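Notes to accompany the following structure.
Everything quoted here is computed from the prediction, not taken from an experiment. Here is the naming used below: chain letters follow the sequence lines, and residue numbers restart at 1 for every chain.
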Amino acid sequence: MKIATFNINGIKARAEALPNWLDSAQPDVVLLQEIKSVDEAFPRDLFEERGYNVETHGQKGFNGVAILSKLPLEDVSRGLPGDESDEQARWIEATVVGKQALRVCGLYLPNGNPVELAEDGSPVPGGKYDYKLRWMERLRTRAAELLAAEEPALMAGDYNIIPQAEDAKRPEAWREDALFRPESRAAFRRILNLGFTEAFRARVQGPGHYSFWDYQAGAWNRNDGIRIDHFLLTPQAADLMRDCGIDKEVRGRHKPSDHVPVWVELDI
DNA sequence: ATGACCTGGCGTCCAGGA
């Protein structure tokens, strides 16, 4: 089973590029981020006519996540638990029903910029960086529950986290950025250290592997990228992993998103 | 050498992104 994550930066703007990629890559399951659409406006037909079941968790203008699956989806849940007042659409999960069940969670982790810190170095409450770190605390809680179930499960999406210096072409440029600051990376490691496998780094070592290139300043042409889209696998899912990769060439196609798809192949 | 983008929205500029 091939499962992909893809931050599409607006479903309307990707109404051609996304189906084209689906037709060439043939993923069984796709976790989408930044659909930037309400549920009613999501063009389900584009995907249903290709044999996908569609589940969305949309929001007007910003954010928004969705799941496409050629296999049936059950027990769909929308919104990251832990804060009833959080109205941002950044989390959706469902069980993919095949020979063996697979729980998939799609996430769009807050960017966190601008970083606002108090004099003691703590994030200013109510600020965007504070929201990011608090969201990651809630993510850790949900992650621990997934591990406790001891079943094949994964959390994939746009984490807005550059895990290590080798995951950026110019790490020094990101030193003070919410994507690379020590608190952000530590929060990511705390989740990993619960017992997840970061799929890409289990397969590929070394620098030069990115999943995002800014539209500005010719970042793509200079390969000035960062790796911020990740797959975290429970041990039961990691044991099933056959391969993992990044569809880099998608960034060079017509009217691309600024992110490219990342995928895993599971023996399930 | 320098500068440089894209998306959605009660829109023709703004907010948000990374």
Is the shortest side-chain N/O distance from [X] to OP1 or OP2 of [N] below 4.0 Å?
X      : N      : result
A/K255 : B/dC6  : no
A/N9   : B/dT7  : no
A/K128 : B/dG17 : yes
A/R14  : B/dT7  : yes
A/R90  : B/dG17 : yes
A/N7   : B/dA18 : yes

Let me know the distance between [atom1] of [X] and [atom2] of [N], rounded to the nearest Å.
X      : N      : atom1 : atom2 : value
A/E34  : B/dG8  : CD    : C1'   : 11 Å
A/D158 : B/dG17 : CG    : P     : 11 Å
A/Q88  : B/dA15 : CD    : C1'   : 13 Å
A/D224 : B/dC5  : CG    : P     : 15 Å
A/I226 : B/dA18 : CD1   : P     : 9 Å
A/K60  : B/dT7  : NZ    : C1'   : 15 Å
A/D229 : B/dG17 : CG    : C1'   : 13 Å
A/N111 : B/dG16 : CG    : P     : 12 Å

Does this structure show an ion pair linking [X] with [Y], if we count only N-O contacts that are shorter than 4.0 Å?
X      : Y      : result
A/E198 : A/R227 : yes
A/K128 : A/E116 : no
A/D83  : A/R134 : no
A/E137 : A/R140 : yes

Would you say A/E16 has more than 12 foreign heavy atoms packed within less than 6.0 Å of its CD? no
Distance between the [atom1] atoms of [N] and [M], in whole angstroms?
N      : M      : atom1 : answer
B/dC10 : B/dA15 : C1'   : 16 Å
B/dA1  : B/dC6  : C1'   : 26 Å
B/dT2  : B/dC13 : P     : 31 Å

Any side-chain heavy atom of A/E87 sitting closer than 4.5 Å to one from A/N63? no
Heavy-atom contacts under 4.0 Å between residues 208-217 of chain A and DNA chain B, which residues? A/F212, A/D214, A/Y215, A/Q216, A/A217
Can you list, in residue-number order, the parts of residues 166-188 of chain A that come under 4.0 Å of DNA chain B, counting heavy atoms only?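 Here the set is A/L179.
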Is A/K132 reaching over with its side chain to a backbone N or O of A/N160, donor-acceptor style, under 3.5 angstrom? yes
Donor-acceptor pair, side chain of A/S211 and main chain of A/H259, under 3.5 angstrom: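 Judged by distance alone, no pair lies under 3.5 Å.
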Using a 4.0 Å heavy-atom cut-off, does A/N160 contact any base of the nucleic acid, only the sugar-phosphate backbone, or nothing at all?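 If one applies the 4.0 Å heavy-atom cut-off, A/N160 turns out to touch the sugar-phosphate alone, with no base involved.
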Measure across A/P125 and A/D130 and return the closest heavy-atom pair with its distance rounded to 0.1 Å.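 In terms of heavy atoms, the two residues are closest at CA-OD2, 3.6 Å.
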Does A/G218 or A/A13 map to a spot on DNA chain B nearer the 5' end, using the closest nucleotide for each?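 Looking at DNA chain B, the more 5' nearest nucleotide goes with A/G218.
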If you find the nucleotide of DNA chain B closest to A/N63 and the one closest to A/K12, which residue's nucleotide is nearer the 5' end?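 Of the two residues, A/K12 wins.
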Which residues, ordered by chain and number, are linked to A/L107 in its hydrophobic cluster, where ILVMFWY side chains connect at heavy-atom gaps below 4.5 Å, directly or through other members?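 Besides A/L107, the hydrophobic cluster comprises A/L80, A/W91, A/L109, A/Y131, A/W135, A/M136, A/L139, A/L146, A/L147, A/M155, A/Y159, A/I161, A/F188, A/I191, A/L192, A/L194, A/F196, A/L232, listed by chain and residue number.
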